[in-house]
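Reading through the structure tokens given below for one structure.
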Amino acid sequence: GRSSQVNEDDIRKYTFDDVAGLNQESDELKEIVIFLKNPQTLKDLGAKTPKGVLLVGPPGTGKTLLARSIAGEADVPFFSISASEFVEMFVGVGAGRVRDLFKSAKSKAPCIVFIDEIDSIGRQRGAGIGGGNDEREQTLNQLLTEMDGFEANNGVIVIAATNRPDILDRALTRPGRFDRRIDISLPDREARHKILSVHARTKPLCDSVNLKDWATKTPGYSGADLQNLMNEAAIYAARNNKSVISSVELENALEKTRFGILSKPLSDQTKK
Ligand code: ATP
């Protein structure tokens, strides 16, 4: 997902209803919602609470959406940052940003801090040769320091997303840091049906359109791809002065989006 700088945003509130086909994953996260709603209660009960959650999965599978929906469900602020922004920065800037991010978050706790593309700062340290690594390492070190520096019970939950868990520095996944991992895969047919239904909620569909059929026609499509498919279909309808979306528009949208799906890396294409 896109995001710039350190931002606390409330563009719109997302809930688990916006996330389709990830029931098992959102069940695991319900515990975090409960915690965010009553950090003190759990603290008083002496319960061990999470600090960091790693969401792992291919692009467009709803990692950002899921993180946002936890904030929405718990009704707490959502701070987000994309780690890839740090890569091109001058030494010290990224670390400063991370410090600022946590400072703002702590003042608004309970809340969620979301770090997208954590692999861009979180890859194994010392693995590269020569220049360009200092900034990344400093930023990563600052993140580790911040996570160690707050108690799990202070109400800041850090959620990070990646599609490259294999290259992450092991320091990140140590207990007390990102010690929970949730894997998200490309949606299967049933999940694609549910995702299409979510994105059809706000669109007038012709009665003859059966979304189940469209789920069958879209193997390899991620949630983001399916959203895009519905959107392209709506644009075709508008262009042709139609007030409902029919199979014709969906077929056009499928043609237009299919090329992008087929050119994805093979590892991202598997799913019936
Ligand atoms: P990236 O790794 O590229 O940041 P991501 O996994 O964070 O991707 P999102 O940004 O959450 O993916 O998904 C983009 C959009 O795709 C969402 O805003 C949503 O509209 C749609 N989408 C993705 N997954 C789902 C889903 N499971 N249910 C409903 N919509 C989805």
Side-chain angles (χ1 to χ4, degrees), residues 1-4 7 9-30 53-73 78-87 112-123 158-168 178 181-203 205 211-212 214-215 218-235 253 257 260-261 263-265 267-271:
R2 65 7 10 132
S3 71
S4 70
N7 52 27
D9 56 18
D10 38 19
I11 22 171
R12 130 162 144 70
K13 228 172 97 175
Y14 287 87
T15 67
F16 288 146
D17 284 344
D18 295 298
V19 192
L22 294 177
N23 295 341
Q24 206 185 320
E25 289 81 354
S26 44
D27 273 352
E28 276 189 68
L29 296 169
K30 275 185 187 138
V53 181
L54 192 62
L55 300 179
V56 175
T61 45
K63 301 183 291 298
T64 309
L65 183 65
L66 199 54
R68 266 184 205 287
S69 70
I70 297 168
E73 291 281 341
F78 182 81
F79 293 87
S80 77
I81 200 160
S82 178
S84 61
E85 289 168 33
F86 297 132
V87 177
I112 289 198
V113 168
F114 179 67
I115 305 173
D116 204 2
E117 300 179 72
I118 188 143
D119 44 279
S120 50
I121 55 161
R123 54 179 73 217
V158 189
I159 302 179
T162 183
N163 55 0
R164 291 300 310 276
D166 51 314
I167 61 168
L168 286 187
F178 295 96
R181 169 173 165 166
I182 295 181
D183 285 272
I184 301 177
S185 50
L186 280 175
D188 61 14
R189 186 154 48 91
E190 204 185 314
R192 290 196 298 275
H193 182 202
K194 289 182 186 154
I195 296 171
L196 284 169
S197 305
V198 164
H199 291 284
R201 279 193 309 215
T202 53
K203 297 186 175 63
L205 282 191
L211 290 179
K212 228 174 175 167
W214 291 92
T218 46
Y221 276 62
S222 68
D225 296 328
L226 293 167
Q227 181 206 22
N228 188 235
L229 175 81
M230 291 302 297
N231 204 48
E232 287 293 339
I235 292 168
T257 52
I261 307 302
S263 56
K264 279 187 197 182
S267 58
D268 285 359
Q269 281 185 28
T270 49
K271 270 291 152 126

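All ligand and atom numbering here is 1-based and tracks the order in the structure. Hydrogens, waters and symmetry mates are skipped; everything else that's a heavy atom, side chains included, is used.
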For [X], atoms of ligand 1 separated by under 4.0 Å from a heavy atom:
| X | answer |
| --- | --- |
| P59 | 2 (O), 3 (O), 8 (O) |
| Q227 | 15 (C), 16 (O), 20 (O) |
| H199 | 19 (C), 20 (O), 21 (C), 29 (C), 30 (N), 31 (C) |

Pairs under 3.5 angstrom only: tabulate donor-acceptor contacts from the side chains of residues 222-233 to other protein residues two or more places apart or in another chain.
| unit_1 | atom_1 | unit_2 | atom_2 | d |
| --- | --- | --- | --- | --- |
| S222 | OG | A224 | N | 3.3 |
| S222 | OG | D225 | N | 3.1 |
| S222 | OG | D225 | OD2 | 3.0 |
| D225 | OD2 | S222 | N | 2.9 |
| D225 | OD2 | K264 | NZ | 2.6 |
| E232 | OE1 | K256 | NZ | 3.3 |

For ligand 1 and [X], I'd like to know whether there is a polar contact (N/O to N/O, distance under 3.5 Å).
| X | result |
| --- | --- |
| G62 | yes |
| A20 | yes |
| G60 | yes |

Q. Which is closest to atom 5 (P) of ligand 1 by heavy-atom distance: E117, E25, K63?
A. K63

Q: Can you figure out which of N228, D225, L65 has its heavy atom closest to atom 19 (C) of ligand 1?
A: L65

Q) Which residues pass the side-chain contact (heavy atoms from CB on, under 4.5 Å) test with A71, sequence neighbours left out? A)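 side-chain contact (heavy atoms from CB on, under 4.5 Å) check on A71 returns V76, F78, I112.
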
Q | Between D18 and S69, a side-chain donor and acceptor under 3.5 Å | A | no

Q. Are side-chain heavy atoms of S197 and L211 found at a separation under 4.5 Å?
A. yes

Q: Give a yes or no on whether K30 atom NZ has more than 12 heavy-atom contacts from other residues, nucleotides or ligands under 6.0 Å away.
A: yes

